[in-house]
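Encoded as structure tokens, the structure appears first; notes follow it.
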Amino acid sequence: MAMGIAIAIGSDQGAAGEYNGRMTLFVVLSCMMAAMGGVIFGYDIGISGGVTTMEPFLKKFFPEVYTKMKEDTKISNYCKFESQLLTSFTSSLYVAGLIASFFASSVTKAFGRKPSILVGGAAFLAGAALGGAALNVYMLIFGRVSLGVGVGFANQSVPLYLSEMAPPRYRGAINNGFQFSLGIGALSANLINYGTQKIKGGWGWRISLAMAAVPASILTLGALFLPETPNSLIQQNTDPQTAKSMLQRIRGTQDVQAELDDLIKASEISKTIEHPFKKIIQKKYRPQLVMVIAIPFFQQVTGINVIGFYAPVVFRAMGIGESASLMSLVVTGVVGTGSTFISMLIVDKLGRRVLLLVGGIQMLVSQVMIGVVLASQLGDHGGVSEGYAVLVLVLICVYVAGFGWSWGPLGWLIPSEIFPLEIRSAGQSINVAVNFFFTFVVAQTCLAMLCHFKSGIFFFFGGWVAVMTVFVYFFLPETKIVPMEQMDRVWREHWFWKRVVGEEYDASKMEE
């Protein structure tokens, strides 16, 4: 996250007509440190995509894939990398992350956001060490599981931490720092892969896997010094004066009573909830529950992970060499990170809906065009001409840019800001679990789909992008600037959701 931007944003007096405060250096530095959770996730996505096309790595751990790639001339371009063991290497992380996110929910609620971030960094550190030192495929996959536990904890706690620390008016920009950091992590991984695959002796993949320890160390050490969020301090029965002091410090003003009162009220409601996962299925939380399942599902069926994990595979299939395919990832990484940076600047001005709608249309058009080019130019054997390869790369960049300022960052931002405190930790766990489950499904089936659908895989994901864009247009209300503790009003004012929650809300008001 760019510190310069955050400082320049300036004062936030009376944001949303409620709270005083401004963007402080203290908040910026805390959020930059927490956003390292995004770097470790992005680094892992980038590394696993590149390492799985490195010939020495395939030769050592997945010899049958290496043989297919090098020696089998009869096999289709689209099927060269199909291997359940290879996809298990990629997707084992997401199964571990899915399970870990539910444990993380209890830790985050009971002990605070900071301990969850700390556990995430430490587990990721262990996974990086195992991956770099792997002697066999079991050690490799065990390392991936440890990375998954780290990512499960970090993805559950970091977006919550960022949303709770940020002033309402700049919550979008601060939270989008998570996806921006994810892009930085993926870009770093692509650059490292590009460098390490040239190492003589074929052990460069070890450096690629072990370097994940760098962002994990920063996150683990940094988490020791992170302040806890005021929401979490109040939730843990800390002295209200301590929470008030922290709130004054992060808002840069003494006058925080309005926000503090809302936090205490939310916490009192939260303490009456013994089973948040039972509570979350009540009718009054129906819109939030629908969103927290639909948004991460849609984020995965945009097809972004086909590009993230398997773009080098697609480029190798097109007949482009190892170096060029890894270089293509660097290009798409720069585009993705740049567009997320733009999203940080405009998300609180234009709002969430506009970015999702524009990004959706952009992704749909580019995916259809990629599908058309591959269908007409890339057969089962041979490559494509350089001109068409460049065209596909440009279209992938257009697609990645669309994702980078829409579904990428907003897929994490919206679920982290829409829940009331009493079920916020549970809601974020569902978000992470659904995200990881469908990432696992896509990662596990993608190479088989590429083999059977061939170029049609881009039309398949394009169809889902069309569905999600229509869904946003009709069912997602705008949440920009609304304080998190007053978010229930956006559902009561929405043309569709007011029919679902209106009666419930009126009944609970009468009981009061």
Side-chain angles (χ1 to χ4, degrees), residues 19 21 24 26-27 29-31 33-35 37 100-123 152-168 171 174-175 178 219-251 256-280 285 288 415-432 483-487:
Y19 305 152
T24 59
F26 184 64
V27 166
L29 293 174
S30 301
C31 290
M33 184 56 68
S101 68
F102 286 107
F103 290 103
S105 169
S106 305
V107 173
T108 304
K109 187 176 181 188
F111 302 104
R113 285 52 171 152
K114 179 177 165 175
S116 268
I117 295 172
L118 193 60
V119 170
F153 270 84
N155 284 19
Q156 200 276 341
S157 49
V158 169
L160 275 189
Y161 185 91
L162 296 175
S163 284
E164 289 181 349
M165 287 292 275
R171 189 173 59 240
I174 288 280
N175 195 287
F178 181 74
L219 182 68
T220 310
L221 292 171
L224 296 171
F225 302 101
L226 279 178
E228 192 52 89
T229 69
N231 314 55
S232 186
L233 289 172
I234 292 168
Q235 198 172 30
Q236 294 167 65
N237 290 325
T238 312
D239 173 23
Q241 196 52 47
T242 309
K244 185 174 183 178
S245 302
M246 179 57 73
L247 196 56
Q248 287 170 337
R249 197 173 167 197
I250 66 175
R251 295 290 177 254
V256 293
Q257 200 58 46
E259 186 169 5
L260 186 69
D261 290 345
D262 276 354
L263 294 183
I264 291 170
K265 186 178 170 190
S267 181
E268 282 165 3
I269 296 169
S270 158
K271 281 169 189 145
T272 65
I273 311 298
E274 283 182 29
H275 305 289
F277 284 103
K278 271 190 194 168
K279 186 81 176 171
I280 208 168
Y285 301 124
Q288 292 98 318
S416 75
E417 68 181 1
I418 59 176
F419 280 99
L421 184 65
E422 65 264 25
I423 51 167
R424 189 172 297 156
S425 193
Q428 183 64 8
S429 286
I430 293 171
N431 177 43
V432 174
M484 287 171 76
E485 311 312 334
Q486 298 173 20
M487 195 63 75

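All residue numbers in this chain count up from 1 along the given sequence. Here the structure is a predicted model, which is why all the values come from computation and not from measurement.
For the atom pair CD of E485 and CD1 of I269, the computed distance is 9.0 Å after rounding to the nearest 0.5 Å. We find the CZ-CG distance between F178 and L160 to be 10.5 Å, quoted to the nearest 0.5 Å. If you take CD1 on I234 and NZ on K244, they are separated by 11.0 Å, rounding to the nearest 0.5 Å. Atom-to-atom distance recorded for I423:CD1 and H275:NE2 is 15.0 Å, nearest 0.5 angstrom. Separating the CG atom in L221 from the CE atom in M33 is a distance of 8.5 Å, to the nearest 0.5 Å. Taking OG1 of T229 as the start and OH of Y161 as the end, the distance is 7.5 Å to the nearest 0.5 Å.
Taking the side chain to side chain donor-acceptor pair (under 3.5 Å) definition, one finds that S416 meets it with S163, N175, sequence neighbours left out. Residues meeting the side chain to side chain contact (heavy atoms under 4.5 Å, CB included) test with F277, sequence neighbours left out: F102, S105, A426, S429, I430. Evaluation of the side chain to side chain donor-acceptor pair (under 3.5 Å) rule for S116 yields T108 as partners, not counting sequence neighbours. Residues passing the ring pair (Phe, Tyr, Trp, His ring centres under 6.0 Å) test with F103, sequence neighbours excluded: none. Residues satisfying the side chain to side chain contact (heavy atoms under 4.5 Å, CB included) test with T242, not counting sequence neighbours, are T238, D239. Under the side chain to side chain contact (heavy atoms under 4.5 Å, CB included) criterion, E268 pairs with I264, sequence neighbours left out. In terms of the ring pair (Phe, Tyr, Trp, His ring centres under 6.0 Å) criterion, F26 has no residue partners (sequence neighbours excluded). Every salt bridge (Lys or Arg N to Asp or Glu O under 4.0 Å) that R171 has, sequence neighbours left out, goes to E417. With sequence neighbours excluded, no residue satisfies side chain to side chain donor-acceptor pair (under 3.5 Å) with S30. Evaluation of the side chain to side chain donor-acceptor pair (under 3.5 Å) rule for K271 yields N237, S267 as partners, not counting sequence neighbours. Applying the side chain to side chain contact (heavy atoms under 4.5 Å, CB included) rule to K114 yields the partners L226, E228; only residues at least two apart in sequence or on another chain are considered.
Neither side chain, Q235 nor N231, offers a donor N or O lying under 3.5 Å from an acceptor on the other. Between the side chains of Q236 and K109, not a single donor N or O lies within less than 3.5 Å of an accepting N or O.
Remark: side-chain polar atoms of Q156 are not paired, donor with acceptor, to backbone N or O of A100 under 3.5 angstrom.
When all heavy atoms of C31 and I174 are compared, the closest pair comes out as SG-CG2, 3.7 Å. When every heavy atom of Y285 is checked against every heavy atom of P420, the shortest pair comes out as CE2-CG, 3.7 Å. Taking both residues in full, the closest heavy atoms of T220 and A122 are given as OG1-N, 3.4 Å, listed atom of the first, atom of the second, then distance. In terms of heavy atoms, L219 sits closest to G37 at CD1-N, 3.7 Å. Here the closest non-hydrogen pair linking L260 and L247 is N-CD2, 3.8 Å.
Contact check for P159 versus Q428: side-chain heavy atoms found under the 4.5 Å cut-off. Put simply, the side chain of F153 reaches to within 4.5 Å of the side chain of V107, judged on heavy atoms. In this structure, Q288 and M487 have side chains that are not in contact, with every pair of non-hydrogen atoms separated by 4.5 Å or more. Between I250 and P230, some side-chain heavy-atom pair lies under the 4.5 Å cut-off. At least one side-chain heavy atom of R251 sits less than 4.5 Å from a side-chain heavy atom of P167. Contact of the L421 side chain with the E164 side chain is registered, since non-hydrogen atoms from C-beta on lie closer than 4.5 Å.
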Please lay out, stage by stage, how E422 and K279 fare under the test salt bridge (Lys or Arg N to Asp or Glu O under 4.0 Å).
-> CA-CA 9 Å; E422 65 264 25; K279 186 81 176 171; over 6 Å; no
